[in-house]
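Beneath this line is the structure, given in structure tokens, with notes to follow.
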Amino acid sequence: MRSRIALEGVQRAPHRSLFKALGLDDVDLAKPLIGIANSANTIIPGHQHLDRVVEAVKAGIWEAGGVPIEFGVIGVCDGIAMGHRGMHFSLASRELIADSIEVMVEAHALDGLVLVPNCDKIVPGMMMAAARVNIPSILVSGGPMLAGRFGGQNVDLNSVFEAVGAVQVGQMDEAELTELENEACPGCGSCSGMFTANSMNCLAEALGLALPYNGTALAVSAMRLRIAKAAGRRILELVKTDLKPRDILTKAAFANAFALDMALGGSTNTILHLTAIAHEAGVPFSLAEIDEISRQTPYLVSLRPGGKYHVQDLHEAGGVPAVLAELSTIGRLDLSAKTVAGLLGDTVAAGKNRNPEVIRRPEEAHRSEGGLAVLWGNLAPEGAVVKQAAVKPAMMRHTGPARVFDSEEAAVHSILAGEIKPGDVVVIRYEGPQGGPGMREMLTPTSALCGMGLDETVALITDGRFSGATRGAAIGHVSPEAMSGGLIGLIRDGDQIAIDIPARQLNLLVSEEELAQRRQAWTKPAPKVRTGYLARYSRLVSSAGAGAVFGGTNEDRGADA
């Protein structure tokens with residue numbers, strides 16, 4: 001056990017003394033030390049109940065003969081950070097989360113690791129850490145939130161964002177908006193559609209780092225606590241057999257996860273996060289490979305924001321195991337891939353589709369292709385990403401004049417002022433990983449367009465990114481970004497932009513001669529942030545096409561810090 005380097009021998013008497021100050025005794029110190037990375041806090045609704053989840057994990061660890069060692073992890077609520085300076089810090093927090101867990105594991109020579117996140121960047125940040133430290137690890141999330149009820153229908157956080165646009169055009173009054181905001185988020189858990197948090201918690205099952213139903217068992221359910229306790233017991237088995245994350249996170253595992261992602265129509269952010277986890281695991285996975293998986297994988301589950309169902313409906317229909325079982329019937333999975341529960345084939349064998357309307361059979365899929373698509377062209381030679389499952393058929397192909405904005409705030413002001421017209425292509429640039437900095441999530445402008453009824457006639461492209469709750473022809477992750485000299489930085493108002501999602505093309509219809517003149521005149525803007533963590537992040541981060549991971553060597557990172 002790794003912990004022996006800190007506990008055994010005469011020279012480690014001082015170390016043992018410090019552990020005994022915690023109330024542990026010699027019997028305890030002979031057992032494996034299992035770290036619990038707990039991101040509980042009282043500002044993120046998805047995390048307010050995690051202390052209870054962690055108590056169940058601890059019970060499982062004690063029961064199986066280990067010693068739980070809990071430590072805290074930061075987290076950002078994307079919904080609260082949305083639309084203001086706070087969103088610069090959301091994606092950037094992913095690297096801090098991974099780094100902080102690495103520090104705690106390595107400094108204290110822990111034997112195993114249980115990761116307890118729930119929302120947004122915390123889930124991928126923890127899985128990145130698991131791949132990096134490579135000690136036996138298991139992830140158990142806090143589970144999804146129940147959908148709210150308003151006007152006889154299920155609603156969620158995205159319903160409130162879109163209602164803001166409806167108020168702007170007189171389709172809803174402020175009193176109704178207040179009533180909706182009081183009902184949309186009824187309690188603890190990750191927001192109830194197939195948004196980023198729930199997408200990543202479901203994909204953790206296919207990746208092999210989480211037990212079955214991790215992504216769908218409700219936050220308020222007893223099943224959530226049973227999964228947590230089972231994870232606490234299971235981590236001791238993983239330590240005993242020395243099954244490490246990099247034994248699990250193979251090329252096949254990522255292919256399985258991306259196949260599930262396409263079947264679920266997950267958030268565009270999943271591409272950003274899965275490629276970052278693959279980077280930590282030393283597994284190359286390109287955007288071209290991801291798009292090829294999308295071409296071959298049917299879209300089976302239409303959840304909010306693109307569909308009418310919520311995660312609770314997916315759980316009742318059989319959860320991720322049932323979706324995997326459907327994918328296995330058309331040969332879209334490697335069933336020999338290892339998981340923390342055994343082999344993926346074991347999970348598939350236990351999967352049962354209890355509602356074929358929620359989880360479609362492959363022959364009755366919503367679409368023959370997956371929910372996400374990667375676009376290329378002169379505007380995105382390194383790729384751009386769109387959630388095609390949430391795009392109206394009329395907008396799958398669109399050509400229109402550019403309306404160019406150098407920040408999210410400027411675009412939102414113009415949208416809410418009624419200055420965007422049907423047919424326009426809204427361009428928001430200098431919001432990428434470097435330029436943002438932090439590649440802000442832009443649910444506010446996309447929701448405003450939807451709420452104003454423009455999602456069937458207006459497209460939006462950006463070098464930033466979108467919330468998992470986004471719907472409409474919203475194309476993000478345009479790479480290279482404007483700050484690094486990408487063509488998106490040369491677009492002018494009125495330029496024609498051609499979008500062809502079926503052909504995977506995104507092009508600026510301007511002559512090469514004109515573009516050459518614009519390149520010569522372009523100068524790189526000064527950084528928006530010059531001090532603190534964001535300034536350091538901006539200097540180190542790679543493009544979105546590479547997962548927005550820190551570039552350079554470990555020595556570079558240390559020197560800068």
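Heavy atoms only: backbone and side chains are in, while hydrogens, waters and symmetry mates are out. All residue numbers in this chain count up from 1 along the given sequence.
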Review point. Going from CD1 on I271 to OG1 on T275, what distance comes out if it is rounded to the nearest 0.5 angstrom?
Key: 8.0 Å
Point to revise | Pairs meeting criterion side chain to side chain donor-acceptor pair (under 3.5 Å) with involvement of residues 321-331, two or more places apart | key: E326-N353, E326-R361
Point to revise | Heavy-atom closest contact (P144 atom, G215 atom, distance) | key: CD-O, 3.9 Å
Review point. Between the side chain of S192 and the main-chain N/O of H310, is any donor-acceptor distance below 3.5 Å?
Key: no
Review point. Where is the tightest heavy-atom contact between N38 and E70, given as atom of each residue plus distance?
Key: ND2-OE2, 2.9 Å
Point to revise | E106 bridged to R132 by N-O distance under 4.0 Å | key: no
**Study point:** Derivation of the side-chain hydrogen bond (donor to acceptor under 3.5 Å, both in side chains) call for Q312 and E316
**Key:** CA-CA 6 Å; Q312 64 202 56; E316 291 173 6; 5.6 Å; no
Review point. So, for F285 and F258, is the gap between ring centers shorter than 6.0 Å?
Key: yes
Review point. How many angstroms lie between atom CG of L372 and atom CD1 of I290, to the nearest 0.5 angstrom?
Key: 9.0 Å
Practice item. Any chance you could measure M194, atom CE, to L303, atom CG, to the nearest 0.5 Å? Key: 4.5 Å
**Study point:** Enclosure of I43 CD1 (heavy-atom neighbours >12, cutoff 6.0 Å)
**Key:** no
Review point. With no hydrogens and no angle check, is any side-chain donor or acceptor of H88 less than 3.5 Å from a backbone partner on H84?
Key: no
Point to revise | Inter-residue atom distance Q296.CD - I293.CD1, 0.5 Å rounding | key: 7.5 Å
Practice item. Quick one: do R94 and H273 satisfy side-chain hydrogen bond (donor to acceptor under 3.5 Å, both in side chains)? Show the steps, please. Key: CA-CA 9 Å; R94 188 187 71 179; H273 298 322; 3.1 Å; yes
Exercise for review: Inspect the surroundings of CZ in R85 and state if more than 12 heavy atoms from other residues, nucleotides or ligands are less than 6.0 Å away.
Suggested key: no
Revision key, fill the gap. In terms of heavy-atom contacts, K387 and P305 come closest through NZ-CD, 3.4 Å
Exercise for review: Decide, yes or no, whether a salt bridge links R304 with D156 under the criterion of side-chain N to carboxylate O below 4.0 Å.
Suggested key: yes
Study note, to complete from the structure: Between G35 and F71, the two heavy atoms sitting closest are CA-CE2, 4.3 Å
Study note, to complete from the structure: Across all chains, not counting sequence neighbours, the ring pair (Phe, Tyr, Trp, His ring centres under 6.0 Å) partners of F19 are none
Review point. Charged N to carboxylate O under 4.0 angstrom, K240 versus E237?
Key: no
Practice item. Could you tell me whether F89 and Y533 have their ring centroids closer than 6.0 angstrom? Key: no
Practice item. Answer yes or no: is there a donor N or O on one side and an acceptor on the other, between the side chain of S484 and the main chain of P480, under 3.5 Å? Key: no
Review point. Nearest 0.5 Å, what's the NE2-OG distance between H108 and S3?
Key: 13.0 Å
Practice item. Answer yes or no: is there an ion pair linking R536 with E95, defined by an N-O contact shorter than 4.0 Å? Key: no
Check your understanding: Mind checking what makes salt bridge (Lys or Arg N to Asp or Glu O under 4.0 Å) contact with E481, not counting sequence neighbours?
Key -> none
Review point. Partners of Y213 by ring pair (Phe, Tyr, Trp, His ring centres under 6.0 Å), sequence neighbours excluded?
Key: H315
Review point. In this structure, are over 12 heavy atoms from other groups packed under 6.0 Å from R52 atom CZ?
Key: no
**Study point:** Test side-chain contact (heavy atoms from CB on, under 4.5 Å) applied to N214 and L139, L209, I138, the passing residue
**Key:** L139
Please output the side-chain donor-acceptor pairs of residues 339-349 that fall under 3.5 Å, not counting sequence neighbours, one pair per line with the distance.
| residue | atom | partner | partner atom | Å |
| --- | --- | --- | --- | --- |
| T339 | OG1 | A341 | N | 3.0 |
| T339 | OG1 | G342 | N | 3.1 |
| D346 | OD2 | L343 | N | 3.0 |

Exercise for review: Working to the nearest 0.5 Å, report the span between CG of L333 and CG of N256.
Suggested key: 5.0 Å
Review point. Any ion pair linking D26 and R16 (charged N to carboxylate O, less than 4.0 Å)?
Key: no
Review point. So, S479 side chain and H477 main chain: donor-acceptor pair closer than 3.5 Å or not?
Key: yes
In residues 112-120, what donor-acceptor pairs under 3.5 Å come from side-chain atoms, sequence neighbours left out?
| residue | atom | partner | partner atom | Å |
| --- | --- | --- | --- | --- |
| N118 | OD1 | G142 | N | 2.9 |
| N118 | OD1 | G143 | N | 2.9 |
| N118 | OD1 | N201 | ND2 | 3.4 |
| N118 | ND2 | G46 | O | 3.0 |
| N118 | ND2 | G143 | O | 2.9 |
| D120 | OD2 | D78 | N | 3.3 |

Check your understanding: Is E63 salt-bridged to K229, cutoff N-O under 4.0 Å?
Key -> yes
**Study point:** Closest contact, heavy atoms only, I97 versus G125
**Key:** CG2-C, 3.9 Å
Point to revise | Minimum heavy-atom distance between R332 and A259, given as atom pair plus value | key: O-CB, 3.8 Å
Review point. For atom NZ of K338, is the number of surrounding heavy atoms from other residues, nucleotides or ligands below 6.0 Å larger than 12?
Key: no
Point to revise | N/O donor-acceptor pair under 3.5 Å between S336 side chain and D334 backbone | key: no
Practice item. Please check if any side-chain donor atom of N198 sits under 3.5 Å from a side-chain acceptor atom of S190, or the reverse. Key: yes
